[in-house]
Amino acid sequence: PEPSSAAGWASVIRRISLEVRFGAARSTDFEVHRNWLAITHSLPVSRWYYENTSEWTLDYPPLFAWFELGLSQVARRFDANMLQVENLNYASPATVLFQRLSVIVTDVVFIYAARECCRCVREPKGSRDVLSRPSFVLAVLLLWNFGLLVVDHIHFQYNGFLFGFLLLSVAKHLQSQHLQGALLFAFLLNLKHIYLYVAPAYGVYLLRSYCFAQDNKDGSVRWSSFSPLRLLALGAIVTSVCALSFGPFIAMGQLPQVLSRLFPFKRGLCHAYWAPNIWALYNVLDKSLAVLGVRLKLLEEAELPPASMTGGLVQEFEHSVLPSVTPAVTLVCTLLSILPAVASIWLRPHGAQGFLRCLLLCALGCFMFGWHVHEKAILIAILPLSILAVESREDAGIFLILTTTGHYSLFPLLFTPAELPIKVVLMLMFTIFSFTALRKLHSAQGSLLHPLEVIYLLGLVAVAIACEVVFPLSPWQQRLPFLPLLVTSVYCAMGVCYAFLRLYASLLLRREEKPKQL
Amino acid sequence: MQTWSLVSICVLLAIIARWGVSLNSYSGAGKPPMFGDYEAQRHWQEVTYNLPIQEWYFNTTNNDLNYWGLDYPPLTAYHSWICAYIAKTINPEWVELHKSRGYESTQHKLFMRMTVLVADLLIYIPAVVLYCLYLTDGSSKKKVSIMFCFLLYPGLILIDYGHFQYNGVSLGFALWGILALGLGWDVLGSMAFSLALNYKQMELYHALPFFCYLLGKCIKTGLIGRGLFLLVRIGVTVLATFALCWLPFLAEPSQAMQVVRRIFPVARGLFEDKVANTWCSLNTLIKIKSILSGDSQLYLSLACTLLAVLPSCIRLLTKPTFWHFKLALVSVFGIQHWAVFKPTGLKCNEICYACPFLVFVCSMLPLFLKDGLLVPYIVTSLGFLFFSIYLLSALDHCSEDKLRLGAYNKLFYCLFIPWGNHFLHFYISIAAMVGLSIATAVLIPPPHLPDLFPVLVSTTAFLHFLGTFIHFNVVQFSEPPSRKSQKKSN
């Protein structure tokens, strides 16, 4: 439809201009990808996952490495020097230009995916002006998503490209083309394994709603309708994609090495900047208990490990008062957190909509309880939630909370003074748009947010001012340099937890709806 | 969606565009000994903060007028003083007398860019928003589209945030003046415009339409009674504003004279740097500079300027409506290219007009290339072109009748080939612009014609100016359209 294509073109211009004006070569991710271009181009396949000249070793699945190999063929025309593995931190203008162009071009996938998602949205009856149509609002929410713009175009990653695959796969499922959806997800998983977060949703949904072709009247599974053909088709798709990706490495017996690169559990519980999840709250609780304990003379200060968690380095550490958390514990917590959601779509499937909700809950659950989670992972939950937000009032409310806190938690990614106006203005733009557009869409059904929620969100403004303006000018800047990061993490963690619980409530309490037939 | 949210989103987008261009290079970056306009502004902060007022415009041991001496009216000097005061609290090295010459650092650049952005936010952007919301016609969506295109005009963004100047302040004040006149608040309008004049003397180009409009209005209301009263009030306001701005310099006549001498440096020639005006283009045919002496050049240019604006001003005197006032303002712009920015908004409601404005931006390409601003130039121009084509042509279809191209076409039928479809004209102009831009940026001119491309660009731009100038004069002398919103014509 015409308005979404306009939004698409406008967003292309926006992306290009953002890249061009703000794209900074000094982002570490830039060097990471340059290094991978060099590795895949200059070295034989057998050395890809062993190479460690640079600290940024290849830690994405092999399909992404093949993708980088393809890119490197084009890179050769721009500046062959970037493809030397030894040229660490090489950032000639041609290199920067090529990398930035590659992100813009691969974003085409994302724009196409957004268009497909817009086509899945139900248009209400009656004429509305362009700006109030759900498909237009969704197009803008997706294409002008603050988080994606900041992470991809200012910070540098290929998330647009990857999220394009995710959204396209979701769109295909919403349009009942499950094989295509499965294929796209298989590709996605082999491009970046963080999407394992949502794999359980896919697995259970496809098994339950696709392999069992029909349900009983009350919604429970009809065992007799199991279709082995469909299962076989799915299996074939998944295995062939994995073979394409991992094949050469399995043949060379390098699978353990590849897996160890993909899942580096030696990194700490939290990233240098704590993602706003449960463990951030856990860490703060631990710290405050420790401080309290010392004050009340219950603990000896000498017994406590030095302040390594807030030291900003990625390393293993121990909690002082509360029990330490190991990877196994986080895995168990994560599985427990997504179990109800997954069980729900097995027992009472609600069609593709229920699948989407379960996907969101898996993403959020893994974000909340996962090991070494990056704050950027919140985007895996925010982007698909946009689709639900334009259709239901309750989801719109959850979306506003999750988006605002999630996007704000990305602020520490851009820390130079030159970027402060950009992130503030972009965030304001997106927030104003999402609030006013969604409110207009659902105006007939009452207000979107509870007053307490509004107060919480306004509190974000106070936190922002405190961290960006007040803190740098205050005397604590020297002694506690990570205080603003900590405050941001903790405050956003509360919002994210709240959104998680509300999403769960909306899934589990939907039993009264009639389950849809596939 | 509600208008206020659309307006705020557009303003935020405009801010992003501005800040984006800010992060690029500025004029004279890393080019000792003189550097460029950026260093000039920094130097003025240094001078105004450290020296007493009496020495600002004089050549003293502490103030070398040959190194970017102050040559704008006092309001600029006061503005520099305020910026210097803030600069001193952040980092005194930025404005240390003598020692800070040629000071360049990322922090300082951020500070300077911030001052431009703050000035824009306080003065220019509110004027644009209010003007578009209250003085343009159409649905609220159309108003917001016009405002958006107005705010995105590449010329102002690239000059103010790239090359580095404070045109937003003077244009903002002038726009406040126009806004006030449009709402019928003549006294406030004249005060605002006086402030604009006291910021940059180039606003004199717009002074004549202001003068003629206000005078005409006073005459129309009756020279005895209310008209005279209005005239007196306006006169007193203008004089008072000038007096306030020039107060420190009025103590001694020599002070005031020196300031005037600095503001109007008649020693400069007719054109600098191949600007896109009449004289440069004429110079390709007749070497004016060698024929006439300096003084004669000056009188010739003055005479021609007055002659050029005379028709529209006389018309304005006889028919002082706001519509004619706007047209007169636009007619005046053919003379100096900086003063071009304001008409953009006035006539932005028709897509065809976006074309000449883009041509003006193109005419400044040689300057942008010198400053290293090629990429922002491309991106902002493309963005402006895209948004104006998408937003404005979708909302408003130019009809020949609306543009009163009938008379225009008849005129040109005698002189040139008939243009036919005016959209064709639009696309030809865009193509010419693109071609010239690429040529200027990429190709190397033949050795015996080193300035081939800048001159070509200037000449093309001049032809566009001429065409638009004639067009607006023609329009002004035909009847105003019978529109619903004639309520503003008082």
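On a predicted model such as this, the values are computed, not experimentally measured, just so you know. Letters A, B, ... mirror the listed sequences (proteins, then strands); counts begin at 1.
A donor-acceptor pair is defined here as one N or O able to donate and one able to accept, closer than 3.5 Å; no such pair exists between the side chain of B/Trp19 and the backbone of A/Val425.
Taking CZ of A/Phe433 as the start and CG of B/Leu6 as the end, the distance is 9.0 Å to the nearest 0.5 Å. From B/Met114, atom CE reaches atom CG of A/Leu420 across 7.0 Å, with rounding to the nearest 0.5 Å. Rounded to the nearest 0.5 Å, atoms CD1 (B/Ile15) and CE (A/Met429) are 10.0 Å apart.
A 6.0 Å sphere centred on CZ of A/Arg439 holds no more than 12 heavy atoms belonging to other residues, nucleotides or ligands.
Contact annotation for B/Leu117: neither backbone nor side-chain heavy atoms come within less than 4.5 Å of a heavy atom of chain A.
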Under the side chain to side chain contact (heavy atoms under 4.5 Å, CB included) rule, what do B/Ile9 and A/Leu428 come out as? Steps first, then yes or no, please.
CA-CA 8 Å; B/Ile9 291 180; A/Leu428 271 177; over 6 Å; no
Yes or no on side chain to side chain contact (heavy atoms under 4.5 Å, CB included) for B/Leu23 and A/Ile422, after CA distance, side-chain angles and deciding distance?
CA-CA 11 Å; B/Leu23 296 180; A/Ile422 305 165; 4.3 Å; yes
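Taking each heavy atom of A/Ile432 and B/Ser5 in turn, the nearest pair found is CG2-CB, 4.0 Å.
Checked against salt bridge (charged side-chain N to carboxylate O under 4.0 Å, His left out), B/Glu104 has no partners two or more places apart in sequence or in another chain. Residues that satisfy the side-chain contact (heavy atoms from CB on, under 4.5 Å) test with B/Val434, not counting sequence neighbours, are B/Ile430, B/Ile438.
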